[in-house]
Enquirer: 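My questions will all concern the structure given below.
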Number of protein chains: 2
Amino acid sequence: MATMQEVATRAGVSIATVSFVVNGTKRVSPATRERVTAAMAELGFRNNVVARALASKRTRIIALLHPALEHRLGSTSMKFFMSAANRASELGYHLVLWPVVTGPDELRDLLSGGLVDGVVVMEVKMEDSRIERLTDLRVPFISIGRTADTTHLPFVDIDFEKTMEDGLDYLTGLGHRRIGLVIEDLEGTSMAGYAPHIRSERTFRESMTRRGLLPHVVTCGPGAAGGRQAAADLLATEPDISAVIVMKDDSAFGLVRGLSTAGRRVPDDVSVLSIASSDEAGAQSEPVLSTMNAPGHELGKLAVEALIEQLDGAAAPDAELPHLLLPCLLHVAGSTAPAPA
Amino acid sequence: MATMQEVATRAGVSIATVSFVVNGTKRVSPATRERVTAAMAELGFRNNVVARALASKRTRIIALLHPALEHRLGSTSMKFFMSAANRASELGYHLVLWPVVTGPDELRDLLSGGLVDGVVVMEVKMEDSRIERLTDLRVPFISIGRTADTTHLPFVDIDFEKTMEDGLDYLTGLGHRRIGLVIEDLEGTSMAGYAPHIRSERTFRESMTRRGLLPHVVTCGPGAAGGRQAAADLLATEPDISAVIVMKDDSAFGLVRGLSTAGRRVPDDVSVLSIASSDEAGAQSEPVLSTMNAPGHELGKLAVEALIEQLDGAAAPDAELPHLLLPCLLHVAGSTAPAPA
DNA sequence: CTGAAAGCGCTTACAG
DNA sequence: CTGAAAGCGCTTACAG
């Protein structure tokens, strides 16, 4: 708990010199540096993060904002987080997961004091008041996910449009014509307007129509039970369905089971493709699911790099905003097959 | 971005008075309070968190420390986190998930500056240097999980010993005698010595022996593939196994499939009981798994309450350390049945 | 290369 | 009930 002042006294130098040594801010003669370093070691000096933050306006802390109460942290989000935290650490920053629980005022208190240098926003809706607020507060930020209007928004995101097109290309290439979409129902919840769902469903409807096919969309409740019910609902809508795209990890296997309960074998009678998912999640199913894997790791890394570039002023003043889109990549396993004759 | 000084000037009072109004620290006459409040509103005043922290040594921030690089955040940990964050918020604190990436020095930097008021440690090993370090630093903390020696450790934890005994009582009550344990292999990883595994395995061995039964223990790799392999290993050890306790959510279904690949029906030939798990995880299996559910929600809440009591000085000086143990609760579903004749 | 000093924006005894 | 002032532990122009 020694202070910089104590170190200075012990080393017989000024407090400024200690600061220069600690931060490498200015040249210090080897001899002086030596004395200061020794004094620091003897006293067990630790730079006081809060004092430094107040004086310098930098904390090297980045907050990953998450609407903890409204949306559970899924495995894709966890990958974002892990990957972002890692990359931040490599670049000399701390990244912490900050559950924003109450209203927007909490955000202001947090940020206006300079507690964090920058912010990563996730779980973004098509219209998202947090984005405007961050812009107003002039806090450096980046978004994982994007609002409807991305003109002034720095973001990285999954390319849901391309992912859906690729998925449909794949299924139609296998000869499927009667294709359903199973998607989480967020209407009426605080996550209504969640961008990934809106974009995916919209693209599904448009693309199917463009391909001259009928878009069958069914919503899905939580967990395995939700998936079972979705299977029943889908078959009620279109008994001859031959392929299903599902965007809900924790219900995908329930969907498969619901289909087999109804006498449809996967993949012989019905193909199932789980999107915005992962190999590991797919392997939890029987048969192993064909998936389109979310690039969570890459996005977490890229988001942090772009933000820190901004923080460190490495970005040119007139640099373009980061606008990065990565599609999910297809991994074919055991739940998809050519359409039955 | 108005400062307290600006508010004071505008309201025609001293900065101290503004502080009193903001924090409710002292009586202020209604008239003065009125003027100050008005000035704050007009200027859009926000209390600077960092400055307050430096002056008052309080931030109302709690860090939930997680070894992010070494251990992935499982669903039980996520429940801890959500529940703890919620309870903290209700009690006027922020709880953030802090991935501690590098060595112990990072911990010291973080804490010695008073950036956080207190710490919750999770993923504790039987011997855990973080605990000693926190004690040395005199930082208020609580542990979710416990080391081998808990004499001076404030903690809440799952009662793994009782959970295992209850599980074995249940299975032997169904007539099972040849019972195996499938558990994650952490030897050689940085999570070696992880307390939940050590305690569970030890209790399994001791209790089985006490019951006059042979303890069959098999380790398990990651994911569904790990579970399949574990099934094969277990049957190689004891082909007539009739029940398995598995402590690894993400491999439990793989285990079931591995058993059926080997010609064992679940639960007719072999019962499977997934411990330290949850209903939701169990529902992802076919048949739905009988589980012993981790009390993640309760533990998160209790941990935060105990820590904040300490922070707010509400705890009596000579109060006992919190030592709370909650067992997992049995939820019987479709994967367990009486032992075959 | 080094130091004296102002300043970051608050809190909190201490006086009145 | 209110204020003047010291202090929290640093950083950073500015001088020399």
Side-chain angles (χ1 to χ4, degrees), chain A residues 1-37 39-40 43-61 108-117 137 313, chain B residues 1-37 39-40 43-61 108-117 137 313:
Chain A
M1 296 300 273
T3 71
M4 209 171 249
Q5 185 54 257
E6 295 173 302
V7 173
T9 305
R10 174 147 195 147
V13 298
S14 79
I15 184 180
T17 301
V18 179
S19 177
F20 299 152
V21 171
V22 168
N23 299 296
T25 335
K26 276 194 185 177
R27 295 218 74 75
V28 174
S29 76
T32 309
R33 171 191 308 282
E34 187 72 15
R35 292 214 309 286
V36 172
T37 312
M40 291 198 297
L43 297 171
F45 170 76
R46 296 278 107 199
N47 201 338
N48 183 310
V49 185
V50 173
R52 174 152 55 83
L54 182 58
S56 73
K57 310 280 176 205
R58 296 293 305 271
T59 60
R60 299 191 81 82
I61 297 174
R108 292 178 56 180
D109 286 342
L110 215 156
L111 300 172
S112 56
L115 221 188
V116 302
D117 289 349
L137 290 171
Chain B
M1 298 300 275
T3 69
M4 210 172 248
Q5 184 53 258
E6 295 173 303
V7 173
T9 307
R10 175 147 193 148
V13 297
S14 80
I15 183 178
T17 302
V18 179
S19 177
F20 299 152
V21 171
V22 168
N23 299 296
T25 334
K26 278 195 185 178
R27 296 219 72 77
V28 174
S29 75
T32 310
R33 171 191 308 282
E34 186 72 16
R35 291 213 312 285
V36 172
T37 312
M40 291 199 297
L43 295 172
F45 170 76
R46 297 277 106 199
N47 200 340
N48 183 311
V49 185
V50 174
R52 174 152 54 83
L54 182 58
S56 72
K57 309 281 174 204
R58 295 292 305 270
T59 59
R60 300 190 81 82
I61 297 175
R108 294 178 54 179
D109 286 343
L110 216 157
L111 300 172
S112 56
L115 222 188
V116 304
D117 289 350
L137 290 170

Enquirer: Could you check how far CD of Q5(B) sits from C1' of dG3(D), rounded to whole Å?
Expert: 12 Å

Enquirer: Starting at the 5' end of nucleotides 11-16 of chain D, put B wherever the base has a protein heavy atom under 4.0 Å, S where only the sugar-phosphate does, and a dash everywhere else.
Expert: SB-B--

Enquirer: Rounded to whole Å, how long is the line connecting atom CG of L43(B) with atom P of dG9(C)?
Expert: 14 Å

Enquirer: Nearest to the side chain of S29(B), heavy atoms from C-beta on, is which of dG3(D), dC8(C), dT2(D)?
Expert: dT2(D)

Enquirer: Determine whether T59(B) and L115(A) make a side-chain contact, defined as any pair of heavy atoms from C-beta on separated by less than 4.5 Å.
Expert: no

Enquirer: Going by heavy atoms in the side chains, are T3(A) and L43(A) under 4.5 Å from each other?
Expert: no

Enquirer: Which heavy atom of D117(A) sits nearest a heavy atom of R58(A), and at what distance?
Expert: OD2-NE, 3.2 Å

Enquirer: Could you check how far CE of M40(A) sits from P of dC10(D), rounded to whole Å?
Expert: 11 Å

Enquirer: Is there any salt bridge (Lys or Arg N to Asp or Glu O under 4.0 Å) pair reaching into residues 15-27 of chain B, and which pairs are they, with sequence neighbours excluded?
Expert: none

Enquirer: Under 4.0 Å between a side-chain N or O of T32(A) and OP1 or OP2 of dT2(C)?
Expert: yes

Enquirer: At less than 4.0 Å, is any side-chain N or O atom of S14(B) found next to OP1 or OP2 of dG3(D)? Yes or no.
Expert: yes

Enquirer: Identify, with sequence neighbours excluded, every residue that meets salt bridge (charged side-chain N to carboxylate O under 4.0 Å, His left out) alongside R10(A).
Expert: E42(A)

Enquirer: What's the CG-P distance between L115(A) and dG9(C), to the nearest Å?
Expert: 14 Å

Enquirer: Sequence neighbours excluded, which residues qualify as side-chain hydrogen bond (donor to acceptor under 3.5 Å, both in side chains) partners of T9(A)?
Expert: none

Enquirer: For N48(B) and T17(A), take the nucleotide of DNA chain C holding the closest heavy atom to each; which residue's nucleotide lies nearer the 5' end?
Expert: T17(A)

Enquirer: Kindly say if K57(A) contacts the phosphate of dC10(D), meaning a side-chain N or O under 4.0 Å from OP1 or OP2.
Expert: no

Enquirer: Could you write out DNA chain D as dot-bracket? Rules: Watson-Crick or G-U wobble, both distances under 3.5 Å, brackets [ ] for crossings, | for pairs with another strand, dot for unpaired.
Expert: |||.||||||||.|||

Enquirer: Quickly work out the R46(A) CZ to dC10(D) P distance and round it to whole Å.
Expert: 12 Å

Enquirer: Using the side-chain hydrogen bond (donor to acceptor under 3.5 Å, both in side chains) criterion, which residues pair with T32(A)? Sequence neighbours excluded.
Expert: S29(A)

Enquirer: Just call it for V50(B): base, sugar-phosphate, or nothing, with non-hydrogen atoms closer than 4.0 Å on any strand.
Expert: nothing

Enquirer: Given side-chain contact (heavy atoms from CB on, under 4.5 Å), test V22(B) with V7(B) step by step and report yes or no.
Expert: CA-CA 11 Å; V22(B) 168; V7(B) 173; over 6 Å; no

Enquirer: Within this structure, what is the CG-CZ distance for the pair L54(B) and R52(A), rounded to the nearest 0.5 Å?
Expert: 13.0 Å

